[in-house]
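Predicted model, so just to flag it, every value in this text is computed and none were measured. Note that the numbering runs from 1 along the sequence shown for the chain.
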Amino acid sequence: MMERAGVETIDGLRLEHAPPAGPRKPVPLLLVHGAWGGSWYLRNYLYTAALAGWDSWAVNLRGHAGSRPVADLGRVSVLDYVQDVRDCLQALGDCVVIGHSMGGLIAQKVAEGGGVRAAVFLTSAGPRGVVVLRWPVLSRLARYVPALARGRAFEMSFQHAAALELNRLPAADQARVYGQLQPESGRAMREIALGAIAVAPGSLRLPTLVVGAEDDRITPPGVQRRIAARYGSEYIEAAGHAHMLMLEPGWEGPFARILDWMDRALTPPADG
């Protein structure tokens, strides 16, 4: 049986922790959420990975869910969030890191600095040189430009969230998930929109997996394939899924493929 999951604190950061059931994997797993989110929406992955033997952690980045409170969330940088994850790794040791959306870009930047055994970039934001913005986002961007330009915390409207991020969730789940979203940093979103976060491709000397989703409208499959090509990553695409595939019906299938890849990534090559 899996030990009871709970919340633990690392240097002011609040993390959900699910200890492993059965034989323990060689290193812990650290999950990193995306914009407007928190550890709460990664629980399907957190608990399933723990049942598969992973010592599983899901961080709440600063200013999210009571984690490392900040005076002005709107001015927090993506690089501040990168430091949060590095601080977790300092305490946990080498980990496999799964980053979703903005968390995928954070995971790319963290992996650049070492301390990561393997990394999964899940419907990820792109680094400098990989343009993410497509018409479905650009057509809705105008109302958020003041918050982006001035570094103010802001929320997406329900209509935009439902169209861009929650489009593969049943209507009742869309309302429930939207009700748990929180404001996000305008500065961080501006950095992502303008491609301000650089990651040197040759610096990721570790196994990497990029996961795209067929119906993702905010970080579409074409973007994910470009990220995979940039790092020489293995690529898989989740048919019938969209941006929030960890909450969508049938989420178990793509995650089983991710768990299988993680096991293979940590398996030493056979001699000869």
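Residues forming a salt bridge (charged side-chain N to carboxylate O under 4.0 Å, His left out) with E234 (at least two apart in sequence, or on another chain): R264. Considering only residues two or more places apart in sequence or on other chains, P26 meets the side-chain contact (heavy atoms from CB on, under 4.5 Å) condition with L266. Remark: R68 engages D11, L13, R62, D84, D87 in a side-chain contact (heavy atoms from CB on, under 4.5 Å) (not counting sequence neighbours). When the ring-ring contact (aromatic ring centres under 6.0 Å, His included) test is applied to W54, no partner is found at least two apart in sequence or on another chain. Residues that satisfy the salt bridge (charged side-chain N to carboxylate O under 4.0 Å, His left out) test with R75, not counting sequence neighbours, are D72. Applying the ring-ring contact (aromatic ring centres under 6.0 Å, His included) criterion to W36, with sequence neighbours excluded, gives F154. Residues satisfying the side-chain contact (heavy atoms from CB on, under 4.5 Å) test with Q90, not counting sequence neighbours, are none. Partners of R86 by salt bridge (charged side-chain N to carboxylate O under 4.0 Å, His left out), not counting sequence neighbours: none found.
The ring pair (Phe, Tyr, Trp, His ring centres under 6.0 Å) analysis of residues 175-209, with sequence neighbours excluded, yields the pairs F158-Y178. The side chain to side chain donor-acceptor pair (under 3.5 Å) contacts involving residues 193-208 comprise T208-S233, where partners must be two or more places apart or lie in separate chains. Sorted by first and then second residue, the ring pair (Phe, Tyr, Trp, His ring centres under 6.0 Å) pairs with a member in residues 60-80 read H33-H64, H64-Y81; sequence neighbours excluded.
Side-chain N or O atoms of Q174 include one that pairs as donor or acceptor with a backbone N or O of L166 at under 3.5 Å.
Ionic pairing of D260 and R257 is not present here: no N-O contact between side-chain nitrogen and carboxylate oxygen is shorter than 4.0 angstrom.
Taking both residues in full, the closest heavy atoms of L105 and S124 are given as N-OG, 3.3 Å, listed atom of the first, atom of the second, then distance.
A side-chain donor-acceptor contact under 3.5 Å links S77 and E191. Side-chain N/O atoms of H100 and Y45 include no donor and acceptor closer than 3.5 Å. Between the side chains of H17 and D55, a donor-acceptor pair is found at a separation under 3.5 Å.
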Show which side-chain atoms of residues 111-121 pair as donor or acceptor with protein atoms under 3.5 Å away, not counting sequence neighbours.
{"from": "E112", "atom 1": "OE1", "to": "K109", "atom 2": "NZ", "distance (Å)": "2.8"}
{"from": "E112", "atom 1": "OE2", "to": "A200", "atom 2": "N", "distance (Å)": "2.9"}

